[in-house]
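To start, the structure itself, in structure tokens.
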Amino acid sequence: MVEYGDQSEEPFDRRRFLQLTGVASAVAVAGCANLVNNGDDENESPRHVSHVNQVPADIQWNSSNPANTPQITNRALFDPFVKYNFKTSEFIPYAISEWNFGGNTFELTVRDGLTWSNGDDVTASDIATQLRIGLYTGEPYADFTESIKTPDDSTVRLQFDSTVNEQIVTFQILADRFVHQKESEFGTYLETLKNDEQKGLKELGDFAYREPIASGPFEHDSVGQEQLRLTLRDDHPDADNINFDEYVFEYRESNQQAQQALQNGAIDSAFSLFVQTDILENFPKKVTQIQTPSNWGYGLYPNHSDPHLSDRAVRQAIQYVINRAQVRDNVSPDSKTAPEYPVGIASDNQQEWLGDAIDDFDTYGVDSTATEQATQVLEEAGYKKQNGTWVDSDGETVELPIMVPSDWSDWNTATDTVVDQLSQFGFQATKETRSYDAMLGNVFPNGDFVVAAAGWLYGSPQGSFPYFSLHHQLVKNNDAVTYNYPAADGSRGGNREDVTVPARSGSGTITVNPAERLSELAGSTDESTVNEITVEQAWVTNQDLPMLPVLEKVEQTFITGGEEWDIPKPDAEVAQVQWANTWLPRQGEMQYTGN
């Protein structure tokens, strides 16, 4: 542990306030509260205060339970298998120190010296328990994994039933995965799953993990309505890189509240926060913005069980009507892009993967409201305008209530614009809001919406490889939304059905099964096959529109530097990860200076 020098010359205000209050951890003051007084001057210890927009007391850390899962706190509590660096496009070893691909095998080595916060070693058996649970809960690697074995205490070997694409395997097994399901805590659920899968899934899905055993450098200490307090573990392999004792997450309900907290120094970091250019210009100079690719963004999920939205013509009409460039400009042109083609591929990768075929794809009018095309497709499907409002052949009005997280200001601005565009065209469009927690907990899994705002791409880093976002749109979306698309997996309300769309060239139609074709892609090492299926399935998303792409975002992470924290420059290689405020401490690159 790093020893702290004499702080006697520190200005009075913050420190004196803490002394007078005598409160150790539940303090939030204007100006960074980076010292915690435990009763006297000798016991002051530094802390980092970050932001969370979930009520801390509601968070639970069982990733197999979709209710109230963490957005950022898990990244301080649990170690990532590896970390993906966007500057180098490479994976950095971490909890998994080595991995080897063998065509039909994938072998992982657990980092030496890694422990849980109760003192137990992190073993191959813990990792295997977690990966085996994933076979039942529908992790993508379940489609091709035959068995998971542990030849010794530090080795996990996945055996596949066929040859699998190396890039897909590497992303699926390593990226965005954390060491968090300890065998002693989750092994009993795995046993139930083996004996009675339905019972096991229910019990596991209902389990709220409130006091987790951590594998990361910080462990759970206390939690309330406003604050989650984590404390540094001395026995973590990277503890010596961290010179502050507490990592605190404070609740700010809205984006504006989090912005204000950064401006006045009440928090030191925010892992992902939408900040418009004019507001950013007024931030203190010590607040650093780190931008990373998102491969994710604001889209609309039609509930395919809705009588109107189950009609492809209505979905296409909506896509024609939405002027994506106008939505982008109303939200923030500096942190958002308007995708050129509505397909299941990130904007930066569309030209690369679609090649010469890209001219066949429909843009639906990226910077216009294509009312003529929208009218034509609706009228051909039997819809008509009645007193300025679109109705179906039975005279039923096309109502489009769009549900959006109440606490995401940029998405609310985007939805306001979309509602205005759709209303002007003659749809009866409205905006509905729910907290993001409510959307994750009830709205998404129950399919309790007509149109829901959610991510149309898989997200970084997987989103840089088309397979993942195509799978996200067509088969099993990553947000666990029951959107009842017929081609989707049963867990998302579908039946893995075939899809028939117009042929990409010539006349006629093509009928394909997205689940089978993407499974074929995942099992292919032949580049031409991968390219062929990618273009084909992108075409299906472009024509059938299982989701409606609107915007893509650039991630904005904020960390306070200045005299209080020593942090790297925003374009430094070490900072080009998601999310830097939980990764830099492990690397010794976010140090409290005590000034």
N/O donor-acceptor pair under 3.5 Å between [X] side chain and [Y] backbone:
{"X": "Thr557", "Y": "Ala580", "result": "no"}
{"X": "Ser464", "Y": "Pro461", "result": "yes"}
{"X": "Lys87", "Y": "Ala572", "result": "no"}

Item to check | Test side-chain hydrogen bond (donor to acceptor under 3.5 Å, both in side chains) applied to Glu372 and Gln376, step by step | outcome: CA-CA 6 Å; Glu372 185 176 336; Gln376 180 180 348; over 6 Å; no
Checklist entry - Going by the side-chain hydrogen bond (donor to acceptor under 3.5 Å, both in side chains) test, which pairs reach into residues 335-348, not counting sequence neighbours? => result Ser332-Ser335, Lys336-Asp410, Ser347-Glu552
Checklist entry - Pick from Phe91, Phe81, Tyr467: which one makes a ring-ring contact (aromatic ring centres under 6.0 Å, His included) with Phe171? => result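 Of Phe91, Phe81, Tyr467, ring-ring contact (aromatic ring centres under 6.0 Å, His included) with Phe171 is met by Phe91 alone.
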If I take atom [atom1] from residue [X] and atom [atom2] from residue [Y], how far apart are they, to the nearest 0.5 angstrom?
{"X": "Leu548", "Y": "Gln316", "atom1": "CG", "atom2": "CD", "answer": "10.0 Å"}
{"X": "Glu197", "Y": "Tyr136", "atom1": "CD", "atom2": "OH", "answer": "6.5 Å"}
{"X": "Met439", "Y": "Asp448", "atom1": "CE", "atom2": "CG", "answer": "10.0 Å"}
{"X": "Phe468", "Y": "Ile345", "atom1": "CZ", "atom2": "CD1", "answer": "13.5 Å"}
{"X": "Ile358", "Y": "Glu352", "atom1": "CD1", "atom2": "CD", "answer": "11.0 Å"}
{"X": "Asn477", "Y": "Phe444", "atom1": "CG", "atom2": "CZ", "answer": "8.5 Å"}

Taking [X] first and then [Y], would you say they form a salt bridge - that is, a charged N and a carboxylate O separated by under 4.0 Å?
{"X": "Arg517", "Y": "Glu532", "value": "yes"}
{"X": "Arg75", "Y": "Asp176", "value": "yes"}
{"X": "Asp238", "Y": "Arg111", "value": "yes"}

Under the ring pair (Phe, Tyr, Trp, His ring centres under 6.0 Å) test, which residues partner [X], sequence neighbours left out?
{"X": "Tyr298", "value": "Trp411"}
{"X": "Phe274", "value": "none"}
{"X": "Phe271", "value": "Trp579"}

Checklist entry - Are the side chains of Ile290 and Asn581 in touch, meaning some heavy atoms are under 4.5 Å apart? => result no
Count the heavy atoms of every other residue, nucleotide or ligand shown that sit under 6.0 Å from [atom1] of [X], and state whether that count exceeds 12.
{"X": "Lys194", "atom1": "NZ", "answer": "yes"}
{"X": "Asp112", "atom1": "CG", "answer": "no"}
{"X": "Asp356", "atom1": "CG", "answer": "no"}
{"X": "Lys149", "atom1": "NZ", "answer": "no"}

Parallel, tilted or perpendicular: ring planes of [X] versus [Y], cut at 30 and 60 degrees:
{"X": "Tyr84", "Y": "Phe86", "answer": "perpendicular"}
{"X": "Trp408", "Y": "Trp296", "answer": "perpendicular"}
{"X": "Phe425", "Y": "Trp390", "answer": "parallel"}

Next on the checklist: For a side chain to side chain contact (heavy atoms under 4.5 Å, CB included) check, start with the C-alpha distance between Val156 and Ile96, then their side-chain angles and the critical distance, and finish with the verdict.
Outcome noted: CA-CA 10 Å; Val156 181; Ile96 300 302; over 6 Å; no
Item to check | Audit row: Gln130, His180, side chain to side chain contact (heavy atoms under 4.5 Å, CB included) steps and yes/no | outcome: CA-CA 8 Å; Gln130 179 173 327; His180 73 288; 3.4 Å; yes
Item to check | Closest heavy-atom pair and its distance - Leu193, Gly200 | outcome: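 Minimum heavy-atom contact is CD2-C, 3.5 Å.
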Next on the checklist: Which heavy atom of Pro302 sits nearest to which heavy atom of Arg315, and what is that distance?
Outcome noted: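 Smallest interatomic distance, heavy atoms only, reads CG-CD, 3.8 Å.
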Do [X] and [Y] get their side chains close enough for a donor-acceptor pair, meaning under 3.5 Å?
{"X": "Ser519", "Y": "Asp143", "answer": "no"}
{"X": "Ser272", "Y": "Glu555", "answer": "yes"}
{"X": "Gln421", "Y": "Thr369", "answer": "no"}

Next on the checklist: Can you pull out every salt bridge (Lys or Arg N to Asp or Glu O under 4.0 Å) where at least one residue sits in residues 289-312? Sequence neighbours excluded, please.
Outcome noted: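 For residues 289-312: Arg312-Asp544.
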Item to check | Selection residues 492-512 - residue pairs positive for salt bridge (Lys or Arg N to Asp or Glu O under 4.0 Å), sequence neighbours left out | outcome: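 Every salt bridge (Lys or Arg N to Asp or Glu O under 4.0 Å) pair that includes a residue of residues 492-512, provided the two are not neighbours, is Asp360-Arg504, Asp489-Arg496.
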Item to check | Ring centers of Phe178, Trp61 separated by less than 6.0 Å | outcome: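 No, they do not, as the ring centres are separated by 6.0 Å or more.
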Item to check | Pair Asn542-Trp539, side chain to side chain contact (heavy atoms under 4.5 Å, CB included): steps then yes or no | outcome: CA-CA 5 Å; Asn542 181 253; Trp539 177 252; 4.2 Å; yes
Item to check | side chain to side chain contact (heavy atoms under 4.5 Å, CB included) assessment of Val343 paired with Trp353 | outcome: CA-CA 11 Å; Val343 297; Trp353 283 93; over 6 Å; no
Checklist entry - Please walk me through it: do Gln556 and Gln289 pass side-chain hydrogen bond (donor to acceptor under 3.5 Å, both in side chains)? => result CA-CA 6 Å; Gln556 297 172 282; Gln289 177 186 207; 2.9 Å; yes
